[in-house]
Amino acid sequence: MKQSFGQLQDGTAVSRYCLTNEQGVTVSLLDLGAVIHGILVPDRAGQLADITLGFANAQDYAESTTYFGAVIGRHANRIKDGAFELAGQPYQLAKNNGANHLHGGLMGFDKRLWTVGTVTADSIEFSLISADGDQGYPGTLSVSVRYHLDNNNQLSIEYRATTDRDTLVNLTQHSYFNLSGQLDSTVLDHQVQIFADRYTPVDASLIPTGVIASVAGSALDLTQATLLGDVIDQPNEQLRLAGGYDHNYVLNSAGDLTQPAAIVRHPASGRVLTLYTDLPGMQFYSGNFLAERTVGKQGIAYPQRGGLCLETQLFPDAPNQPNFPSSILRTGDTWHSTTLLRFSIDD
Ligand code: BGC
C-alpha cells in the first residue's frame with residue numbers, strides 16, 4: 001500500500017509503503033532514506049503498538065542527524081578525520097561529526113530519495129545510485145535494499161551493492177527500538193543480550209583505538225540477558241566516553257546468519273526482538289545523544305535513551321584499522337548482506 005508522506009522543502013514528494021502479514025504485524029517504510037517509519041507488533045495481550053522511533057513528516061527526516069530508521073551508507077559509523085587510502089591513493093570524505101566522517105557524510109543514503117522497485121504485500125525493494133565522488137568516495141555505487149516481512153513475524157533486510165571502481169562499503173539499518181511501544185519512555189527497562197565476547201573500544205571522539213578487547217568482567221559484557229538500567233551508569237571509562245553504550249561488538253556468530261547476534265526483551269510487555277546477521281559486527285547504541293528531546297511521530301518528545309539501535313556492520317573506521325575486516329568493495333564483486341529481525345512474545 002502506497003501513501004503520500006508529504007514533501008521536502010524543494011518539493012520532492014515522499015511516499016510511505018506498508019507491509020503486513022497474517023499476524024497483523026505492519027512495517028511501514030519511506031522512499032526517503034529507505035527508512036523504517038514504524039513497526040507495529042503485538043504485546044503479550046495481543047495489543048499492537050509501534051516499537052520504533054521516527055518523525056511525523058518528511059522534512060524532519062531531511063533535517064535531522066538522528067538517522068531514525070534509515071539505511072546508512074556508504075559507510076556506517078565513523079571514519080577518522082574522514083580520511084583513508086585505497087591502493088596508495090589518499091581520499092578525503094565529508095566531515096560531519098567534528099573532525100570525523102559519520103554514517104556516510106553530509107548527504108548520506110539516509111537523506112536520499114530511493115527508487116522504489118518491486119512492491120508486494122509483504123516486500124519492497126529500494127535502490128539508488130551513488131555517483132563517483134559522492135561525499136568523497138570513489139566509484140559509482142549501485143545499491144539496493146530489500147525488506148521482506150514473513151508470517152512468522154520476521155523482517156529480513158537484504159543489502160546489495162556493486163561498484164565500477166574499488167571503493168568502501170559498509171551498509172546498516174539505523175532503527176531505534178523501544179519495545180514498550182510507549183515511545184515517551186526510556187529503554188532502561190529493556191533486557192539486552194549480545195552474543196559477543198569481544199568489542200572494539202573507542203577514544204574520546206568515538207573512534208576505535210584499534211584494540212579488540214574482551215568484554216569479560218566489564219559493563220560491556222552483555223553476554224547474559226542484562227537489564228539496561230542496572231548497568232548503563234556503571235563507572236566504566238568506555239561508558240563514560242560514549243554517555244552509555246555506543247560500541248561495536250565483535251559478534252560470536254562471526255558471519256553465521258543462523259546464530260543469534262542479540263536478543264532484546266521488554267519484560268513488562270513481553271515483546272522480544274531477536275537479531276541475526278551475516279556481518280561480523282554490531283553497533284549497540286543506547287540513544288545517548290537523544291538528549292534534546294527530539295519530537296517525533298504523534299508529537300511524542302523522545303527522552304535521552306528513548307530507543308536503542310542494533311546496527312549490523314563491518315567495524316567502524318575499518319579503512320584505517322589493518323586488523324579489522326576490510327570494508328573495501330572491489331570492482332566486479334557484490335556486497336551482499338542480510339539482517340533478520342524476529343519479533344516474538346515471552347510468556
Ligand atoms: C553512532 C552514534 C551516533 C548516532 C547518531 C550511532 O550509530 O554510533 O555515535 O551519535 O548513531 O544518531
Side-chain angles (χ1 to χ4, degrees), residues 1-20 25-41 48-73 76-77 96-97 102-116 124 126 128 145 147 149 155 157 171-187 190 246 273 283 285-311 341 343:
M1 185 180 59
K2 179 180 175 179
Q3 299 164 319
S4 166
F5 193 69
Q7 54 185 43
L8 301 177
Q9 228 151 39
D10 67 0
T12 306
V14 176
S15 299
R16 191 179 128 161
Y17 297 81
C18 287
L19 314 180
T20 49
V25 169
T26 301
V27 178
S28 58
L29 302 128
L30 306 179
D31 51 6
L32 180 65
V35 156
I36 295 181
H37 182 244
I39 303 181
L40 286 168
V41 291
L48 289 171
D50 188 356
I51 53 138
T52 65
L53 309 193
F55 290 115
N57 64 70
Q59 192 54 33
D60 285 353
Y61 279 100
E63 286 167 8
S64 165
T65 53
T66 54
Y67 305 91
F68 281 161
V71 169
I72 305 294
N77 211 278
N96 61 326
N97 188 248
L102 173 66
H103 290 332
L106 293 162
M107 184 72 185
F109 294 173
D110 60 297
K111 300 273 183 285
R112 299 277 306 269
L113 195 78
W114 292 60
T115 301
V116 178
I124 187 166
F126 295 102
L128 64 73
V145 178
Y147 293 100
L149 176 66
L155 179 67
I157 308 166
L171 303 173
T172 191
Q173 224 295 337
H174 207 291
S175 283
Y176 288 65
F177 300 99
N178 185 326
L179 300 182
S180 74
Q182 285 160 5
L183 301 183
D184 56 352
S185 66
T186 74
V187 289
H190 286 47
D246 194 353
L273 165 59
Q283 188 82 9
Y285 172 54
S286 53
N288 316 314
F289 296 116
L290 282 177
E292 299 118 51
R293 298 192 73 86
T294 309
V295 177
K297 294 178 279 194
Q298 300 138 19
I300 294 173
Y302 299 136
Q304 186 189 26
R305 300 173 176 169
L308 60 85
C309 303
L310 306 170
E311 305 156 51
L341 305 176
F343 300 100

Checklist line | Trp114 CH2 to Leu128 CG distance, which is reported to the nearest 0.5 Å | finding: 4.0 Å

Note to self: Once rounded to the nearest 0.5 Å, what's the spacing between atom OG1 of Thr66 and atom CG of Leu53?
What the structure shows: 8.5 Å

Notebook entry, point to check: Which heavy atom of Cys309 sits nearest a heavy atom of Glu311, and at what distance?
Noted result: CB-OE2, 3.3 Å

Notebook entry, point to check: What are the two closest non-hydrogen atoms of Thr172 and Ala76, and how far apart are they?
Noted result: CG2-CB, 3.6 Å

Check: In chain order, what residues pass the ring pair (Phe, Tyr, Trp, His ring centres under 6.0 Å) check against His190, with sequence neighbours excluded?
Finding: His266

Note to self: Taking the ring of Tyr302 and the ring of Phe68, is the distance between their centroids below 6.0 Å?
What the structure shows: yes

Note to self: Going by salt bridge (charged side-chain N to carboxylate O under 4.0 Å, His left out), name the pairs with one or both residues in residues 296-309, residues two or more places apart or in two chains.
What the structure shows: Asp50-Lys297, Asp233-Arg305

Next item on the list: Kindly compute the distance separating CZ (Arg16) from CG (Leu30), expressed to the nearest 0.5 Å.
Entry: 7.5 Å

Item checked: Spacing of Asp31 atom CG and Thr115 atom OG1 [to the nearest 0.5 Å] -> 8.5 Å

Notebook entry, point to check: Of all heavy-atom pairs between Gly306 and Leu290, which one has the smallest distance, and what is that distance?
Noted result: N-CD1, 4.1 Å

Next item on the list: Please report the C-alpha distance between Val41 and Leu273 in whole Å, then the side-chain angles of each, then the deciding distance to 0.1 Å, and finally whether the side-chain contact (heavy atoms from CB on, under 4.5 Å) criterion is met.
Entry: CA-CA 10 Å; Val41 291; Leu273 165 59; over 6 Å; no

Next item on the list: Start with the C-alpha distance between Leu102 and Tyr67, add both sets of side-chain angles, then the distance that settles side-chain contact (heavy atoms from CB on, under 4.5 Å), and finish with yes or no.
Entry: CA-CA 11 Å; Leu102 173 66; Tyr67 305 91; 4.3 Å; yes

Margin query: Run the side-chain contact (heavy atoms from CB on, under 4.5 Å) test against Gln59 and tell me which residues pass, sequence neighbours left out.
Written below: Leu8, Gln9, Asn57, Ala62, Glu63

Next item on the list: Working to the nearest 0.5 Å, report the span between CG of Leu308 and CG of Asn178.
Entry: 7.5 Å

Checklist line | Partner residues of Phe5 under the ring pair (Phe, Tyr, Trp, His ring centres under 6.0 Å) criterion, sequence neighbours left out | finding: His37

Note to self: The criterion is side-chain contact (heavy atoms from CB on, under 4.5 Å); which residues satisfy it with Ala13, sequence neighbours excluded?
What the structure shows: none

Item checked: Nearest atoms (heavy-atom pairs only) where Ser180 meets Ser185 -> OG-OG, 3.3 Å

Notebook entry, point to check: Could you go step by step and tell me if Leu155 and Ile36 meet the side-chain contact (heavy atoms from CB on, under 4.5 Å) rule?
Noted result: CA-CA 11 Å; Leu155 179 67; Ile36 295 181; 3.9 Å; yes

Item checked: Interatomic distance, Leu48 atom CG to Ile39 atom CD1 [nearest 0.5 angstrom] -> 12.5 Å

Note to self: Test side-chain contact (heavy atoms from CB on, under 4.5 Å) on Phe289 and Asp246; report intermediate values, then the result.
What the structure shows: CA-CA 10 Å; Phe289 296 116; Asp246 194 353; 3.7 Å; yes

Item checked: Asp110 to Ala70 - nearest heavy-atom pair and separation -> CB-CB, 3.4 Å

Next item on the list: Specify the closest pair of heavy atoms between Ser4 and Gly6, including all atoms of both residues, with the distance to one decimal.
Entry: OG-N, 3.1 Å

Next item on the list: Say whether Gln173 and Tyr147, considering side chains only, have a donor N or O and an acceptor N or O under 3.5 Å apart.
Entry: yes

Notebook entry, point to check: Who are the ring pair (Phe, Tyr, Trp, His ring centres under 6.0 Å) partners of Phe177, not counting sequence neighbours?
Noted result: none

